[in-house]
Amino acid sequence: MSNEMEQLRVQMDDVNLEILELINRRAEIVQQIGQLKTKQSIKRFDPVREREMLDKIKDNNNGPFQNSTLEHIFKEIFKASLELQEDDHSKALLVSRKKKPENTVIDIKGAKVGNGNTSYVFGPCAVESYEQVAAVAESVKSKGLKLLRGGAFKPRTSPYDFQGLGVEGLQILKRVADEYDLAVISEIVNPAHIEEAVDYIDVIQIGARNMQNFELLKAAGDTNKPVLLKRGLSATISEFINAAEYIISRGNGNIILCERGIRTYEKATRNTLDISAVPILKQETHLPVMVDVTHSTGRRDLLLPTAKAALAIGADGVMAEVHPDPAVALSDSAQQMDIPTFDIFFEELKGIENRLK
Ligand code: PEP
Ligand code: MN
């Protein structure tokens, strides 16, 4: 290689390092601006400011690059800077593992969710009567379990379908919880009901249809009750995490995330269980993650295989619906387990749980 070429290459390397230093210096300034913008709740992307910067660059351009080329290069730098600010933002999320590396463990009347043991939530889709809930409670109790579910406010696709017993349903849950020493989980759909509901239930469920009901998320975040937050029907993982952030940002960090299937073009199952969401949520957040095998599949024959998958992939818990007589259930009749089926399901799942230990 000629001497001249070598010298030019040395110069080139030096310039590269200078550019490197300069763009990193620029990135530091960008981060400082990002912090100020966060404090002031100002939007990060500012097209007016970008235009001003590009114009200034072009006004000072003495070549050999054409303005259009420079505009392209600087737009890339701006874009990378914006991403850097967004990274900072996700680092700052209170639910993120970056913020808190250790797992959040939630204590529900002594039952620990997220402590490394598998938690189970079973119960009917909807509370229909004291006798119906008590029959399931009896079975849950006999298995040494603590968490019982049952919907009192049912968000139904059709307004003509059974909407739940409302407060009367919560009262039934409370009575059963007291009699069987269980903890109850029930969905609340209206922020105005939260205050009253916390007297009756141990965990507030926020359902898929309400995952982005921000007023409801805030109201749940204003309590100190554990919240079981279900993933929205078409929510991305990022939207799901941000929904949890709404709750924790109000001071309530007792949040269980629940993957319950998402809407896809597939018709073989009611929804498509996004099983890989479980390890992603576990990596990205410090919150416990459960899998609802009933609503994700909508099929009784898939409850056990999907529950096994949930345990194998590292879920902290499994939720499934159990009804003493599913054929006459007022909702989700096709997918709830009767009690003998539940017994077999649980026994098999326990076997898997023990083998995975
Ligand atoms: C439920 O768990 O009762 C329920 C309605 O589920 P989802 O909100 O996930 O549809
Ligand atoms: Mn249901």
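Counting starts at 1 for both ligands and their atoms, following the listed order.
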Closest non-hydrogen protein atom to atom 3 (O) of ligand 1, residue and atom name please, with distance? R149 NH2, 2.8 Å
If I compare all heavy atoms of M211 with all of K230, which pair ends up nearest, and what's the gap? CG-O, 3.3 Å
Can you confirm whether F153 sits close enough to L165 that some side-chain heavy atom of one is under 4.5 Å from a side-chain heavy atom of the other? no
If we only consider heavy atoms of R231, is any one of them less than 4.0 Å away from an atom in ligand 1? no
What is the closest protein heavy atom to atom 8 (O) of ligand 1, and at what distance does it sit? A208 N, 2.8 Å
Suppose we only allow N, O or S atoms; which atom of D332 ends up nearest to the Mn ion (ligand 2)? OD2
Among H295, R270, R260, which one puts a heavy atom closest to atom 10 (O) of ligand 1? R260
Lys/Arg N to Asp/Glu carboxylate O, K282 vs D316, below 4.0 Å: yes
Which ligand 1 atoms does R209 reach within 4.0 Å, using its non-hydrogen atoms? 7 (P), 8 (O), 10 (O)
Are R26 and S81 close enough that a side-chain donor and a side-chain acceptor fall under 3.5 Å? yes
For G207, the atoms of ligand 1 under 4.0 Å from one of its heavy atoms are 8 (O)
min-distance protein heavy atom vs atom 6 (O) of ligand 1 -> K230 NZ, 2.9 Å
Distance-only, no hydrogens or angles: does the T306 side chain make a donor-acceptor pair with backbone N or O of L303 under 3.5 Å? yes
Can a donor-acceptor pair be found between the side chains of Y130 and E179 at a distance below 3.5 Å? yes
At what distance is the nearest protein heavy atom to atom 5 (C) of ligand 1, and which residue and atom is it? E187 OE1, 3.7 Å
Here the N/O/S atom of E321 closest to the Mn ion (ligand 2) would be OE2
Establish, from distance only, whether the side-chain atoms of Q335 and R299 form a donor-acceptor pair under 3.5 Å. no
